[in-house]
Amino acid sequence: KLLAESKESIGQVYNIGGVGEISINELAQKVISVTNSKSTIEYKPYDDVYGKDFEDMQRRVPDIKKVTNQTGWSPSKGIEKIIRDVAAFN
């Protein structure tokens with residue numbers, strides 16, 4: 001059943017991401033590895049990028065149980081396949 005057609009989904013919020021936690025650093029390293037990129041990772045102070053008063057969560061841990069329970073959906077591609085698909089898109 002599609003969320004858009006479900007009365008139960010009205011006013012609800014769903015995480016439709018992947019499963020498992022990955023840091024931005026780990027993701028960047030994986031993108032470089034999977035794509036055989038010669039890119040390098042540059043680290044910058046948080047305040048230089050976002051400004052002194054910006055607040056953000058330090059960790060995001062996806063939980064797709066809610067959407068899976070309501071629709072039966074679960075991700076079918078792993079992160080490496082997604083990276084390859086995005087890199088191949090022109």
Side-chain angles (χ1 to χ4, degrees):
K1 187 176 193 181
L2 295 172
L3 288 175
E5 297 174 353
S6 168
K7 289 182 182 181
E8 296 87 16
S9 69
I10 295 173
Q12 296 296 311
V13 176
Y14 295 88
N15 183 337
I16 55 171
V19 292
E21 181 179 5
I22 188 168
S23 71
I24 295 299
N25 188 57
E26 292 168 327
L27 179 59
Q29 290 172 352
K30 192 169 287 290
V31 168
I32 290 169
S33 174
V34 169
T35 62
N36 294 314
S37 173
K38 291 182 176 46
S39 297
T40 60
I41 298 171
E42 183 178 335
Y43 299 93
K44 294 191 173 210
Y46 188 87
D47 289 348
D48 289 355
V49 176
Y50 294 105
K52 185 175 177 151
D53 295 327
F54 186 81
E55 293 182 23
D56 196 10
M57 295 182 292
Q58 294 300 308
R59 287 180 67 205
R60 291 175 178 83
V61 182
D63 182 353
I64 63 166
K65 285 184 256 177
K66 185 176 179 182
V67 73
T68 300
N69 289 341
Q70 189 163 342
T71 66
W73 176 85
S74 63
S76 59
K77 295 180 182 180
I79 189 70
E80 290 186 13
K81 172 73 170 129
I82 293 168
I83 293 168
R84 282 192 294 275
D85 288 351
V86 170
F89 186 77
N90 291 321

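For reference, positions follow the sequence shown, starting with 1. Keep in mind the model is a prediction, meaning the values are calculated, not measured. Hydrogens, waters and symmetry mates play no part in the numbers below; they use all other heavy atoms, side chains included.
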Do you know the tightest heavy-atom contact between [X] and [Y]?
{"X": "Arg59", "Y": "Val61", "answer": "NH2-CG2, 3.5 Å"}
{"X": "Tyr43", "Y": "Gln29", "answer": "OH-NE2, 4.5 Å"}
{"X": "Glu21", "Y": "Pro62", "answer": "CA-CD, 4.3 Å"}

Check: Is atom CD1 of Ile41 surrounded by more than 12 heavy atoms (other residues, nucleotides or ligands) closer than 6.0 Å?
Finding: yes
Item checked: More than 12 heavy atoms from other groups under 6.0 Å of NZ on Lys66 ->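 Count over threshold, so yes.
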Joint hydrophobic cluster, [X] plus [Y], side-chain heavy atoms closer than 4.5 Å:
{"X": "Tyr14", "Y": "Val19", "answer": "yes"}
{"X": "Phe89", "Y": "Val34", "answer": "no"}
{"X": "Ile16", "Y": "Ile64", "answer": "yes"}

Check: Is the closest side-chain donor-acceptor distance between Ser6 and Gln70 under 3.5 Å?
Finding: yes
Notebook entry, point to check: Between the main-chain N or O of Val67 and the side-chain N or O of Thr71, is there a donor-acceptor pair closer than 3.5 Å?
Noted result: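 At least one qualifying donor-acceptor pair exists.
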For residues 50-58, tabulate all N or O donor-acceptor pairs below 3.5 Å that involve a side-chain atom, not counting sequence neighbours.
from	atom 1	to	atom 2	distance (Å)
Asp56	OD1	Arg60	NH2	2.7
Asp56	OD2	Arg60	NH2	3.1

Checklist line | Euclidean distance, Leu3 CG relative to Ile10 CD1, rounded to 0.5 Å | finding: 11.5 Å
Let me check something: any side-chain donor-acceptor pairs from residues 73-84 under 3.5 Å, sequence neighbours excluded? List them with distances.
from	atom 1	to	atom 2	distance (Å)
Lys77	NZ	Asp85	OD2	2.7
Glu80	OE2	Lys30	NZ	3.4
Lys81	NZ	Asp85	OD1	2.7

Item checked: Residues forming a side-chain hydrogen bond (donor to acceptor under 3.5 Å, both in side chains) with Asp63, sequence neighbours excluded ->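 Once residues adjacent in sequence are excluded, Asp63 has no partner under the side-chain hydrogen bond (donor to acceptor under 3.5 Å, both in side chains) criterion.
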